[in-house]
Amino acid sequence: MRCIAHSLSIFLALGVATGLTRSASADDIQAKAKPSGSSSVKDHGRRGQRARNAGLWVEAHAAYKAAFEAADPATSTERERAELAGELGLCEVALRRYRDAAEHLSRSLEQRETLPDALRRRFEAGQREAAKHIATLVLGVDPPDAEVLIDGERIGEIARTYTRFFEPGKHMVRARAPGREDALHSFLAVAGAEHEITMQLPRTAASSARETAPGSPKEAPQALSSSPAVRSRPHSPSASWPGPLRITGIGLTVATGSLGAVFMVRAMTADGDLDERNAKLDAAGVSQGVCREATRPSACSDLKGLRQERDLFAGLGTAMVVTSGVVGAATLASFFTDFSFLQAEPTRARLALVPTVTPTQAGLVAYGAW
């Protein structure tokens with residue numbers, strides 16, 4: 001019995017050792033049979049290259065897609081991932097999946113510095129071909145941490161500017177953020193066109209009230225500094241010259257100047273008539289001293305009337321011209337003393353006066369808006 005028990009213990013020990021050996025051998029075989037991540041990416045890449053060279057674009061697309069999804073930063077370099085994305089995009093161009101092609105080719109060309117020149121040119125040509133059939137959207141969002149949804153699908157990444165590609169047609173963009181009003185924008189995507197949209201999310205009334213309400217000492221300075229638009233600005237000297245007074249001054253300048261010119265022209269006409277009458281009297285042998293005698297001819301009365309008319313219109317014309325100059329100078333001075341152009345925002349009304357002098361006349365040219 002003692003021998004039998006000893007024999008059984010020996011057999012049990014041999015069985016356990018054999019089982020452990022077999023289990024270890026099986027694990028080693030499985031570990032050797034299971035390819036690593038980098039080798040699987042290379043296998044898929046070689047399979048995609050063979051299918052691409054044979055013109056089997058569906059098989060090539062499946063192989064490059066598997067390689068691209070298997071590649072990760074831990075087992076591949078940026079150049080390898082850029083090459084796989086570019087080759088996948090070229091397959092999608094051949095299969096007329098232009099939107100996906102534009103996405104993958106754009107991602108590949110983000111690392112264009114790492115790509116060989118020949119490969120980079122191939123990818124750029126494929127991107128140009130894909131861009132003919134899809135629309136490009138360059139979207140800017142403020143604040144940059146807002147959640148963006150395009151056609152109801154959320155964009156996972158967070159950025160200030162997004163570049164996305166769309167099939168032609170109508171699309172809807174929505175942005176939302178806590179404490180902000182939602183922003184919506186619809187656009188019609190046109191093949192081959194690039195659309196630019198900027199979306200700003202204004203603060204809601206409740207959040208604005210909380211910011212402006214008196215709170216803790218830390219919040220009060222922040223609320224004041226975040227609203228520079230409400231700060232009072234020093235009044236410019238032009239405040240004493242409101243717009244209506246300037247317009248009135250310009251109108252008076254033009255009116256008095258025009259009347260002065262008319263009166264001066266009338267005085268010159270009367271002076272010409274007076275010279276003509278005197279010439280006729282001289283030709284008739286009548287001297288100017290005859291008009292001083294008690295019995296003077298009727299022509300002397302006409303000369304006196306013309307002389308009075310000339311002097312009257314000349315005086316009125318001179319007075320009007322002087323008045324026009326004074327009013328115009330005062331109005332012009334109000335613009336020269338306007339320092340509102342030094343402010344952050346320009347004034348709504350702006351008028352410029354330019355002196356104009358010709359051989360026959362002088363005046364001011366006013367242009368602008370008021």
Asker: Side chains of N53 and R50: closer than 4.5 Å at any heavy-atom pair?
Answerer: no
Asker: For the side chain of S108 and the backbone of H104, is there at least one donor-acceptor N/O pair under 3.5 Å apart?
Answerer: no
Asker: To the nearest 0.5 Å, what is the distance between CD (E78) and CG (L115)?
Answerer: 10.5 Å
Asker: First locate atom CD of E147, then atom CG of L201, and finally report the distance between them rounded to the nearest 0.5 Å.
Answerer: 11.0 Å
Asker: Mind checking the CG-CG spacing from L119 to L90? Nearest 0.5 Å is all I need.
Answerer: 8.0 Å
Asker: Could you see if F165 belongs to whatever hydrophobic cluster contains I150? Use Ile, Leu, Val, Met, Phe, Trp, Tyr and a side-chain cutoff under 4.5 Å.
Answerer: no
Asker: Are H195 and F166 close enough that their ring centres sit under 6.0 Å apart?
Answerer: no
Asker: side-chain contact (heavy atoms from CB on, under 4.5 Å) for L95 and H61? Distances and angles first, verdict last.
Answerer: CA-CA 9 Å; L95 295 173; H61 178 266; 3.8 Å; yes
Asker: How long is the gap from CD on E309 to OG1 on T269, to the nearest 0.5 Å?
Answerer: 9.0 Å
Asker: Under 4.5 Å between any side-chain heavy atoms of L137 and V173, yes or no?
Answerer: yes
Asker: State whether E83 and R79 are salt-bridged, where the test is any N-O pair (Lys NZ or Arg NE/NH1/NH2 against Asp/Glu carboxylate O) under 4.0 Å.
Answerer: yes
Asker: Answer whether the closest heavy-atom distance between the side chains of R180 and R176 falls below 4.5 Å.
Answerer: no
Asker: Would you kindly say whether H44 and R47 are connected by a side-chain donor-acceptor distance under 3.5 Å?
Answerer: yes
Asker: Please give me the minimum heavy-atom distance between S324 and T253, naming the atom from each residue.
Answerer: OG-O, 2.8 Å
Asker: Mind checking whether V321 and I250 sit in one hydrophobic cluster, side chains of I, L, V, M, F, W, Y counted as touching below 4.5 Å?
Answerer: no
Asker: Within a reach of under 6.0 Å around CD of Q200, are more than 12 heavy atoms found that belong to other residues, nucleotides or ligands?
Answerer: no
Asker: Would you say V148 and R174 make side-chain contact, with heavy atoms under 4.5 Å?
Answerer: no
Asker: Applying a strict under-4.5 Å side-chain criterion to I, L, V, M, F, W and Y, I'd like to know whether F313 and L259 cluster together.
Answerer: yes
Asker: Using every non-hydrogen atom in the two residues, find where A146 and Y162 come nearest and quote the distance to one decimal.
Answerer: O-OH, 4.2 Å
Asker: Which heavy atom of H171 sits nearest a heavy atom of A189, and at what distance?
Answerer: CD2-CB, 3.7 Å
Asker: Do L316 and L312 have side chains that get closer than 4.5 Å, going by heavy atoms?
Answerer: yes
Asker: Are I155 and R164 side-chain neighbours, meaning at least one heavy-atom pair lies under 4.5 Å?
Answerer: yes
Asker: Any side-chain heavy atom of V93 within less than 4.5 Å of one from L105?
Answerer: yes
Asker: Answer yes or no: is there a side-chain heavy-atom contact under 4.5 Å between E92 and W57?
Answerer: no
Asker: More than 12 heavy atoms of other residues, nucleotides or ligands under 6.0 Å from CE of M172: yes or no?
Answerer: yes
Asker: What residue among R120, R121, R122 forms salt bridge (charged side-chain N to carboxylate O under 4.0 Å, His left out) with E124?
Answerer: R120
Asker: Grab the two heavy atoms, one from M199 and one from I197, that are nearest each other, plus how far apart they are.
Answerer: CG-CG2, 3.8 Å
Asker: Could you pull out the closest heavy-atom pair between Y64 and C91, with the gap in Å?
Answerer: CD1-SG, 3.7 Å
Asker: Search all heavy atoms of A67 against all heavy atoms of L84 and return the closest pair with its distance.
Answerer: O-CD1, 3.7 Å
Asker: Before you tell me yes or no, could you show the steps for V327 and T256 under side-chain contact (heavy atoms from CB on, under 4.5 Å), namely the whole-Å CA-CA distance, both residues' side-chain angles and the distance that decides it to 0.1 Å?
Answerer: CA-CA 9 Å; V327 176; T256 53; 5.6 Å; no
Asker: Please report the interatomic distance CD(Q111) to CZ(R81), rounded to the nearest 0.5 Å.
Answerer: 8.0 Å
Asker: Taking D72 for its side chain and A74 for its backbone only, find out whether a donor-acceptor pair lies under 3.5 Å.
Answerer: yes
Asker: Enter the distance from Y98:OH to K132:NZ here, rounded to the nearest 0.5 Å.
Answerer: 9.5 Å
